[in-house]
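The block underneath contains the structure these notes are about, expressed in structure tokens.
Note that this is a predicted model, so its numbers are computed, not measured.
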Amino acid sequence: MTAETTTEIPSQEQVQQYLTQGYWDETIPLDYLYRHADATPGREALVDSTKRLTFAEVVKSLHRLALKFHEVGIRSGDRVGRQLPVCVDGQIVDLALSAVGAVYMTVPLQARETEWAHLLNATDAVAMIIPTQHGGFDFVAMAQSVKASHPSVKHIFVHDGDAPSATIALEAAFHENLESKYPPGYIHRLRPKASMLRQIMSSSGTTGTPKFTQASYYPSMFIYRTLAERFRMEVNDVVLIISPGGAGGVVALPALISGTKIVFMERFEAESALEVAAKEKATIIAGTATQFIKMAEVDHIKQRYDLSRLRLVTNAAASLPPEIAQRIERELGARVMNIFGTTDAGVPASTSMEDPPELTIRTAGKALPGVEFRIVDDEGNDLPSGEMGEIVWRGPCMYGGYYKNPSLNRTKYKDGWYFSGDMGALDKDGYLTIGVRKDYTINRGGQKISPAEIEELLYLHPAVKEAVVIPMPDRVLGQKACAYVVLRQGAALTFGEMVQFLKSQSIAVYKLPERLEIMHEFPVSGGIPRVMRVSLIADITGKLKKEGFGGNET
């Protein structure tokens, strides 16, 4: 793919419509950053546990790193995978890649060789950006192994510490005076157009094969500007990012374009998050439902932490039950703002500071400007207000469809409408309520797990005859993976053996089933024999209730 997006999602007619109507424009995040750096160069912009950078220092660092990328041959349209913790350098990496027109791809820290291989096979990325060590795992050894089997990868950049052999240290690039080698303003010649591909995102569906979504600057900037307006972001705000991936990024960029100071928390722990929020006088915290539940469970919050400046928390992953949202608001003293969206097709809805509190608690808010919703039945017929059905949308929030996957585009997009697979209902005023998922994808605290991917690996175990992975309810995470298996005659399998086997397949730890149930045979439906997953979900739900909804992992 060239640097220009070539997908027909959205159609050329829709592109012109969104530009004409003013939903899209030619700005990119760097434009806003430069304005703030020119206006207030000495004001703090990005903070984490090891760095505090002003707007001027951010621009200097990103320009030096961008020139380093340029020096080693990274060009406009090249794909680069970055696997970094929530930190200042992660934000600078994204901005530096944007400065040279490269396409960045965020890889979760939990991902290992299998996930990297899927990404590299699909995108032919030219570089990997990783930690040296994190959580006791040797990322350099993994990256070198991956690079050896993927010739498209030319460079490995490392985030922390000295650069091991055949790698490049980010920190060294920040201190290398590369700008002296180029004419003044040279980096600005490399600025990408807003129509160009900005990011490729990975998500797992129900097929077991990861999907990759592509997005230009157009829809991304529309989403960021709208959320900044809805949350009333301004330069006096302090935004604390406690969640990696989309839940944090979808708030970090609105903060950046608003000139807001952003504080990154590298490793989440509930009490530490409260301490940082108090110390930095955070006004907004961006995280997930799971994180806010854990924070609200900390004892004596108001007596121990000064959160007097905190005015809202943004939840952009799993839905919050109204009673949990009310508890979070009560304990943290801030309003909960919900953001509804998908990696596949953008953010079509959110709540707003203008919304009544009772609606921000129990809904995902209203459509973003220019976005249209439909709620349809299984045949695609529109359903009346208040009735639950599949959520379908179109509008300027939509990304560019699936990367190099025209068949999936034809399946998910019909006549310009995106069919999400999520269930929901619209009330008469246009407020969206999210229901259960249409499929059985597992949502573990905002991290999506494809049952089919795990099932395929379980079938490789010599003791397993049949395998089905289903979501089981969990009080904190929302859902966890539970594996049901039918064993081969005379075979045996323990929970620990199953986990060890799956770990040997180099999958991310969060995907591991957290319970094993062994059956003699699976319940099947009549007619065409299919495993009745709904019966298995009912079975594990019933067992958990008998056990006090705690379950066990043995």
After noting the C-alpha distance and the side-chain angles of His118 and Phe212, does the key distance pass the ring-ring contact (aromatic ring centres under 6.0 Å, His included) rule? CA-CA 10 Å; His118 283 310; Phe212 298 97; 7.9 Å; no
Walk me through whether Tyr217 and Ser98 qualify under side-chain contact (heavy atoms from CB on, under 4.5 Å). CA-CA 10 Å; Tyr217 290 88; Ser98 175; 2.7 Å; yes
Could you go through the ring-ring contact (aromatic ring centres under 6.0 Å, His included) check for Phe222 and Trp24 one step at a time? CA-CA 6 Å; Phe222 163 75; Trp24 288 359; 8.0 Å; no
Show, in sequence, the C-alpha distance, side-chain angles and deciding distance for His150 and Asn121, and conclude whether the side-chain hydrogen bond (donor to acceptor under 3.5 Å, both in side chains) test is met. CA-CA 8 Å; His150 292 83; Asn121 289 337; 3.1 Å; yes
Derivation of the side-chain contact (heavy atoms from CB on, under 4.5 Å) call for Val93 and Leu62: CA-CA 7 Å; Val93 163; Leu62 83 87; over 6 Å; no
Quick one: do Tyr218 and Glu26 satisfy side-chain hydrogen bond (donor to acceptor under 3.5 Å, both in side chains)? Show the steps, please. CA-CA 7 Å; Tyr218 281 150; Glu26 301 303 325; 2.9 Å; yes
Kindly indicate, with the supporting measurements, whether the criterion side-chain contact (heavy atoms from CB on, under 4.5 Å) is fulfilled by Thr106 and Arg82. CA-CA 5 Å; Thr106 300; Arg82 44 89 86 208; 3.6 Å; yes
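Arg374 forms no cation-pi arrangement with Trp393, by the criterion of a distance under 6.0 Å to the ring centre and an angle within 45° of the ring axis. Cation-pi geometry between Arg189 and Tyr186 is not satisfied (NZ or CZ under 6.0 Å from the ring centre, within 45° of the ring normal).
Side-chain contact between Val103 and Leu97 is absent, with no heavy atoms from C-beta onward closer than 4.5 Å. Side chains of Met337 and Arg335 form a contact here, defined as non-hydrogen atoms less than 4.5 Å apart. Counting only heavy atoms from C-beta outward, the side chains of Lys211 and Ser202 never approach each other to under 4.5 Å. Counting heavy atoms from C-beta on, the side chains of Glu171 and Asp162 never come closer than 4.5 Å. Within the 4.5 Å cutoff, side-chain heavy atoms of Glu266 are placed close to those of Cys87.
Between Arg225 and Asp25 there is a salt bridge, since a side-chain N of the basic residue sits under 4.0 Å from a carboxylate O of the acidic one. Under 4.0 Å is where a charged nitrogen must lie from a carboxylate oxygen, and between Glu354 and Lys366 no such pair does. Contact check on Asp344 versus Lys412 returns no salt bridge, with no Lys/Arg side-chain nitrogen under 4.0 Å from an Asp/Glu carboxylate oxygen. Ion pairing between a basic and an acidic side chain is recognised when a charged N comes within 4.0 Å of a carboxylate O; Arg64 and Glu71 show no such pairing. Salt-bridge check for Lys261 with Asp237: failed, with every basic side-chain N at 4.0 Å or more from each acidic carboxylate O.
Ring orientation note: the planes of Phe340 and Phe373 are tilted relative to one another, at an angle of 30° to 60°. The aromatic rings of His188 and Tyr34 sit perpendicular to each other, their planes meeting at more than 60°, with 30° as the lower class boundary.
The neighbour count for Asn177 CG, taken as heavy atoms of other residues, nucleotides or ligands under 6.0 Å away, is above 12. Within a 6.0 Å radius of NZ in Lys51, more than 12 heavy atoms belonging to other residues, nucleotides or ligands are found.
Donor-acceptor pairing under 3.5 Å is lacking for the side chains of Tyr402 and Ser407.
Atom NE2 of His70 is separated from atom CZ of Arg75 by 4.0 Å, given to the nearest 0.5 angstrom. Expressed to the nearest 0.5 Å, how far CG of Leu109 lies from CD of Gln83 amounts to 5.5 Å. Distance CD1/Ile285 to CG/Leu310: 4.5 Å, rounded to 0.5 Å. Note that OG1 of Thr283 is 5.5 Å distant from CZ of Arg311, once rounded to the nearest 0.5 Å. A distance of 6.0 Å separates CE of Met398 from OH of Tyr413, quoted to the nearest 0.5 Å. Atoms OH and OG1, from Tyr224 and Thr226 in turn, are 12.0 Å apart once rounded to the nearest 0.5 Å.
For Phe69 and Phe157, the ring centers are positioned less than 6.0 Å apart.
Taking each heavy atom of Ile339 and Thr314 in turn, the nearest pair found is CD1-CB, 4.2 Å.
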